[in-house]
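Single-structure report; data block below.
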Amino acid sequence: MSALLFLFVTWQVAADGPLLRVDERLSAIGAHGVPNGPAQLLADLGNVTVALPVLAVALAYTAWRGHRDGVPRWWLRPLVAALTMAAVPALIVPLKDTIARAGPAMNGPGTGFYPSGHTTTAAVAYGACLLLLLPYVHGAYTRRELVIGYAVLNAGVGLGLVRRGYHWPLDVVGAWCLSVVLLYAMCAVCAAWAGRAPRD
(Lines give C-alpha, C1' and ligand atoms only; values in the text may rest on other atoms or scores of the structure.)
Protein backbone atom coordinates (compact mmCIF):
# COMPACT_ATOMS: atom_id res chain seq x y z
CA MET A 1 0.00 0.00 0.00
CA SER A 2 2.78 2.45 0.91
CA ALA A 3 4.65 1.60 -2.28
CA LEU A 4 1.54 2.26 -4.38
CA LEU A 5 0.88 5.54 -2.60
CA PHE A 6 4.49 6.57 -3.13
CA LEU A 7 4.19 5.82 -6.85
CA PHE A 8 0.94 7.78 -7.06
CA VAL A 9 2.32 10.83 -5.26
CA THR A 10 5.52 10.70 -7.30
CA TRP A 11 3.50 10.56 -10.52
CA GLN A 12 1.44 13.56 -9.44
CA VAL A 13 4.56 15.57 -8.62
CA ALA A 14 6.45 14.58 -11.76
CA ALA A 15 3.45 15.19 -14.04
CA ASP A 16 2.40 18.42 -12.35
CA GLY A 17 -0.93 16.79 -11.56
CA PRO A 18 -3.97 18.36 -9.90
CA LEU A 19 -2.83 17.16 -6.48
CA LEU A 20 -0.14 19.83 -6.57
CA ARG A 21 -2.79 22.57 -6.35
CA VAL A 22 -4.04 20.99 -3.12
CA ASP A 23 -0.43 20.67 -1.99
CA GLU A 24 0.16 24.40 -2.41
CA ARG A 25 -2.98 25.29 -0.48
CA LEU A 26 -2.03 22.95 2.35
CA SER A 27 1.42 24.53 2.43
CA ALA A 28 -0.13 27.95 2.89
CA ILE A 29 -2.24 26.62 5.78
CA GLY A 30 0.79 24.90 7.34
CA ALA A 31 2.73 28.16 7.29
CA HIS A 32 0.74 29.35 10.30
CA GLY A 33 0.09 28.08 13.80
CA VAL A 34 3.48 26.77 14.96
CA PRO A 35 6.06 29.34 16.14
CA ASN A 36 9.27 29.49 14.14
CA GLY A 37 11.49 28.33 17.02
CA PRO A 38 9.73 25.03 17.76
CA ALA A 39 9.18 24.45 14.03
CA GLN A 40 12.90 24.80 13.35
CA LEU A 41 13.73 22.48 16.22
CA LEU A 42 11.38 19.85 14.83
CA ALA A 43 12.78 20.23 11.33
CA ASP A 44 16.33 19.86 12.66
CA LEU A 45 15.49 16.40 14.01
CA GLY A 46 15.70 15.25 10.39
CA ASN A 47 19.32 16.35 10.04
CA VAL A 48 21.80 13.51 9.61
CA THR A 49 23.91 15.10 12.35
CA VAL A 50 21.07 14.41 14.77
CA ALA A 51 19.47 11.21 13.48
CA LEU A 52 22.59 9.20 12.65
CA PRO A 53 24.20 9.40 16.11
CA VAL A 54 20.91 8.22 17.63
CA LEU A 55 20.83 5.29 15.23
CA ALA A 56 24.50 4.53 15.92
CA VAL A 57 23.74 4.16 19.62
CA ALA A 58 20.86 1.79 18.87
CA LEU A 59 23.04 -0.24 16.50
CA ALA A 60 25.82 -0.54 19.06
CA TYR A 61 23.45 -1.51 21.86
CA THR A 62 21.64 -4.11 19.76
CA ALA A 63 24.91 -5.68 18.62
CA TRP A 64 26.30 -5.76 22.16
CA ARG A 65 23.10 -7.14 23.62
CA GLY A 66 22.74 -9.81 20.97
CA HIS A 67 26.36 -10.90 21.35
CA ARG A 68 26.06 -10.96 25.13
CA ASP A 69 22.88 -13.04 25.02
CA GLY A 70 24.35 -15.49 22.53
CA VAL A 71 21.80 -14.71 19.83
CA PRO A 72 22.56 -16.57 16.56
CA ARG A 73 23.69 -14.09 13.92
CA TRP A 74 23.56 -11.31 16.51
CA TRP A 75 25.15 -8.98 13.96
CA LEU A 76 22.37 -9.40 11.39
CA ARG A 77 19.75 -6.94 12.64
CA PRO A 78 22.16 -4.04 13.24
CA LEU A 79 23.84 -4.71 9.89
CA VAL A 80 20.54 -4.71 7.99
CA ALA A 81 19.46 -1.55 9.83
CA ALA A 82 22.70 0.19 8.86
CA LEU A 83 22.29 -0.88 5.22
CA THR A 84 18.71 0.36 5.25
CA MET A 85 19.91 3.76 6.42
CA ALA A 86 22.60 3.76 3.74
CA ALA A 87 19.91 3.12 1.14
CA VAL A 88 18.28 6.48 1.96
CA PRO A 89 20.74 8.75 0.11
CA ALA A 90 21.20 6.10 -2.58
CA LEU A 91 17.50 6.41 -3.39
CA ILE A 92 16.73 10.00 -2.46
CA VAL A 93 19.48 11.73 -4.44
CA PRO A 94 18.59 10.16 -7.84
CA LEU A 95 14.89 10.75 -7.20
CA LYS A 96 15.48 14.40 -6.40
CA ASP A 97 17.62 14.85 -9.52
CA THR A 98 15.16 13.05 -11.77
CA ILE A 99 11.95 14.68 -10.56
CA ALA A 100 13.59 18.10 -10.06
CA ARG A 101 10.69 19.64 -8.19
CA ALA A 102 11.01 23.29 -7.24
CA GLY A 103 10.65 24.12 -3.57
CA PRO A 104 8.57 26.75 -1.81
CA ALA A 105 9.34 30.35 -2.74
CA MET A 106 11.75 30.99 0.16
CA ASN A 107 14.17 28.42 -1.31
CA GLY A 108 14.80 30.34 -4.51
CA PRO A 109 14.92 28.89 -8.03
CA GLY A 110 16.59 25.58 -7.14
CA THR A 111 15.05 22.13 -7.63
CA GLY A 112 15.37 18.72 -5.97
CA PHE A 113 12.84 18.97 -3.17
CA TYR A 114 10.89 15.76 -3.74
CA PRO A 115 11.02 13.55 -1.79
CA SER A 116 12.18 15.19 1.43
CA GLY A 117 15.56 13.87 2.52
CA HIS A 118 15.15 15.20 6.06
CA THR A 119 11.81 13.40 6.43
CA THR A 120 13.19 10.14 5.09
CA THR A 121 16.27 10.38 7.29
CA ALA A 122 14.17 10.90 10.40
CA ALA A 123 11.60 8.22 9.58
CA VAL A 124 14.15 5.55 8.67
CA ALA A 125 16.73 6.33 11.37
CA TYR A 126 14.27 6.57 14.25
CA GLY A 127 12.14 3.77 12.81
CA ALA A 128 15.17 1.48 12.66
CA CYS A 129 15.96 2.39 16.26
CA LEU A 130 12.42 1.48 17.26
CA LEU A 131 12.50 -1.85 15.44
CA LEU A 132 15.89 -2.73 16.90
CA LEU A 133 14.97 -1.89 20.48
CA LEU A 134 11.35 -3.10 20.71
CA PRO A 135 12.35 -6.74 21.35
CA TYR A 136 14.08 -5.57 24.54
CA VAL A 137 11.10 -3.55 25.77
CA HIS A 138 8.76 -5.34 28.17
CA GLY A 139 5.09 -4.56 28.45
CA ALA A 140 2.54 -3.92 25.73
CA TYR A 141 1.77 -0.45 27.09
CA THR A 142 5.38 0.70 26.90
CA ARG A 143 5.80 -0.71 23.42
CA ARG A 144 2.63 1.02 22.26
CA GLU A 145 3.75 4.33 23.73
CA LEU A 146 7.09 4.07 21.95
CA VAL A 147 5.34 3.46 18.64
CA ILE A 148 3.04 6.42 19.24
CA GLY A 149 6.01 8.56 20.19
CA TYR A 150 7.76 7.59 16.97
CA ALA A 151 4.70 8.57 14.92
CA VAL A 152 4.33 11.90 16.75
CA LEU A 153 8.04 12.67 16.35
CA ASN A 154 7.95 12.12 12.61
CA ALA A 155 4.74 14.08 12.24
CA GLY A 156 6.52 16.90 14.04
CA VAL A 157 9.50 16.73 11.68
CA GLY A 158 7.20 16.95 8.68
CA LEU A 159 5.22 19.80 10.18
CA GLY A 160 8.41 21.69 11.01
CA LEU A 161 9.72 21.32 7.47
CA VAL A 162 6.48 22.60 5.97
CA ARG A 163 6.06 25.38 8.55
CA ARG A 164 9.58 26.68 7.91
CA GLY A 165 9.01 26.59 4.16
CA TYR A 166 11.70 24.01 3.45
CA HIS A 167 9.32 21.55 1.77
CA TRP A 168 5.87 21.11 0.31
CA PRO A 169 3.51 18.73 2.16
CA LEU A 170 3.70 16.18 -0.67
CA ASP A 171 7.49 16.11 -0.33
CA VAL A 172 6.93 14.93 3.23
CA VAL A 173 4.14 12.47 2.39
CA GLY A 174 6.18 10.87 -0.38
CA ALA A 175 9.15 10.53 1.96
CA TRP A 176 6.98 8.87 4.60
CA CYS A 177 5.71 6.34 2.07
CA LEU A 178 9.22 5.54 0.88
CA SER A 179 10.38 5.19 4.49
CA VAL A 180 7.66 2.63 5.24
CA VAL A 181 8.81 0.59 2.23
CA LEU A 182 12.42 0.69 3.43
CA LEU A 183 11.54 -0.27 7.00
CA TYR A 184 9.31 -3.08 5.76
CA ALA A 185 12.17 -4.38 3.63
CA MET A 186 14.43 -4.22 6.68
CA CYS A 187 12.00 -6.33 8.70
CA ALA A 188 11.50 -8.79 5.84
CA VAL A 189 15.23 -9.37 5.39
CA CYS A 190 15.79 -9.82 9.12
CA ALA A 191 12.85 -12.24 9.37
CA ALA A 192 14.01 -14.25 6.37
CA TRP A 193 17.55 -14.63 7.73
CA ALA A 194 16.31 -15.32 11.25
CA GLY A 195 14.43 -18.28 9.87
CA ARG A 196 17.73 -19.70 8.64
CA ALA A 197 19.47 -19.28 11.98
CA PRO A 198 20.94 -22.50 13.39
CA ARG A 199 18.92 -23.96 16.24
CA ASP A 200 20.17 -25.90 19.25
Side-chain angles (χ1 to χ4, degrees), residues 1-10 12-13 19-58 81 84-85 87-89 91-92 95-96 99 101 103-104 106-107 112-134 137 140-187:
M1 182 64 182
S2 294
L4 292 177
L5 184 56
F6 174 71
L7 291 175
F8 173 72
V9 172
T10 302
Q12 284 290 296
V13 172
L19 202 58
L20 265 64
R21 309 291 85 76
V22 178
D23 193 34
E24 292 169 359
R25 288 195 289 269
L26 287 175
S27 183
I29 295 172
H32 306 284
V34 180
N36 282 335
Q40 183 63 55
L41 177 63
L42 290 169
D44 287 343
L45 293 176
N47 286 336
V48 294
T49 53
V50 177
L52 290 189
V54 175
L55 177 59
V57 171
T84 302
M85 192 68 233
V88 170
L91 292 172
I92 290 293
L95 282 169
K96 284 177 173 285
I99 297 170
R101 186 186 192 188
M106 68 163 287
N107 294 288
F113 288 84
Y114 179 89
S116 166
H118 279 67
T119 303
T120 313
T121 296
V124 173
Y126 303 136
C129 289
L130 181 69
L131 293 171
L132 288 171
L133 297 176
L134 273 182
V137 177
Y141 175 80
T142 303
R143 293 163 66 92
R144 184 175 66 249
E145 292 302 304
L146 286 174
V147 173
I148 293 173
Y150 166 74
V152 171
L153 173 64
N154 281 280
V157 171
L159 178 62
L161 291 168
V162 173
R163 170 65 181 85
R164 294 292 292 148
Y166 299 141
H167 279 287
W168 302 104
L170 281 183
D171 301 345
V172 172
V173 173
W176 281 337
C177 294
L178 180 60
S179 299
V180 171
V181 174
L182 288 172
L183 292 172
Y184 179 84
M186 171 185 159
C187 292

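These figures come from a predicted structure and were not determined experimentally.
Shown are Leu55, Leu182, Leu178; of these, the side-chain contact (heavy atoms from CB on, under 4.5 Å) with Val124 is made only by Leu182. Between Ser179 and the choices Thr121, Thr120, Asn154, Thr119, the side-chain contact (heavy atoms from CB on, under 4.5 Å) rule is met once, by Thr120.
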Could you walk me through whether Val13 and Trp168 pass the side chain to side chain contact (heavy atoms under 4.5 Å, CB included) check?
CA-CA 11 Å; Val13 172; Trp168 302 104; over 6 Å; no
Val9 and Tyr114: side chain to side chain contact (heavy atoms under 4.5 Å, CB included), yes or no, with the steps?
CA-CA 10 Å; Val9 172; Tyr114 179 89; 3.5 Å; yes
Go through the steps for Val181 and Phe6 under the test side chain to side chain contact (heavy atoms under 4.5 Å, CB included), then give the verdict.
CA-CA 9 Å; Val181 174; Phe6 174 71; 5.6 Å; no
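Atom-to-atom distance recorded for Arg144:CZ and Leu134:CG is 12.5 Å, nearest 0.5 angstrom. Rounding to the nearest 0.5 Å gives a distance of 5.0 Å between CG of Leu19 and CG of Leu170. From Leu95, atom CG reaches atom OG1 of Thr10 across 6.5 Å, with rounding to the nearest 0.5 Å.
The side-chain heavy atoms of Val48 and Met85, taken from C-beta on, include no pair separated by under 4.5 Å. Within the 4.5 Å cutoff, side-chain heavy atoms of Arg163 are placed close to those of Asn36. Looking only at side-chain heavy atoms (C-beta outward), Gln12 and Val22 stay at 4.5 Å or farther from each other.
Scanning both residues, Ser2 and Val180, for their nearest heavy atoms gives OG-CG1, 3.1 Å. Closest approach of Leu161 to Ser116, counting heavy atoms only: CD1-OG, 3.6 Å. Here the closest non-hydrogen pair linking Arg101 and Asp171 is NH1-OD1, 2.8 Å. Contact between Ala123 and Trp176 at its shortest, heavy atoms only, is CB-CD1, 4.5 Å. The two atoms that bring Ala122 and Gly46 nearest to each other are CB-CA, 4.0 Å, heavy atoms only. Summarising the geometry of Leu131 relative to Met186, their closest heavy-atom pair is CB-CE, 4.1 Å, with the distance given to 0.1 Å.
Classification of the His167-Phe113 ring pair by plane angle, with boundaries at 30° and 60°, yields perpendicular.
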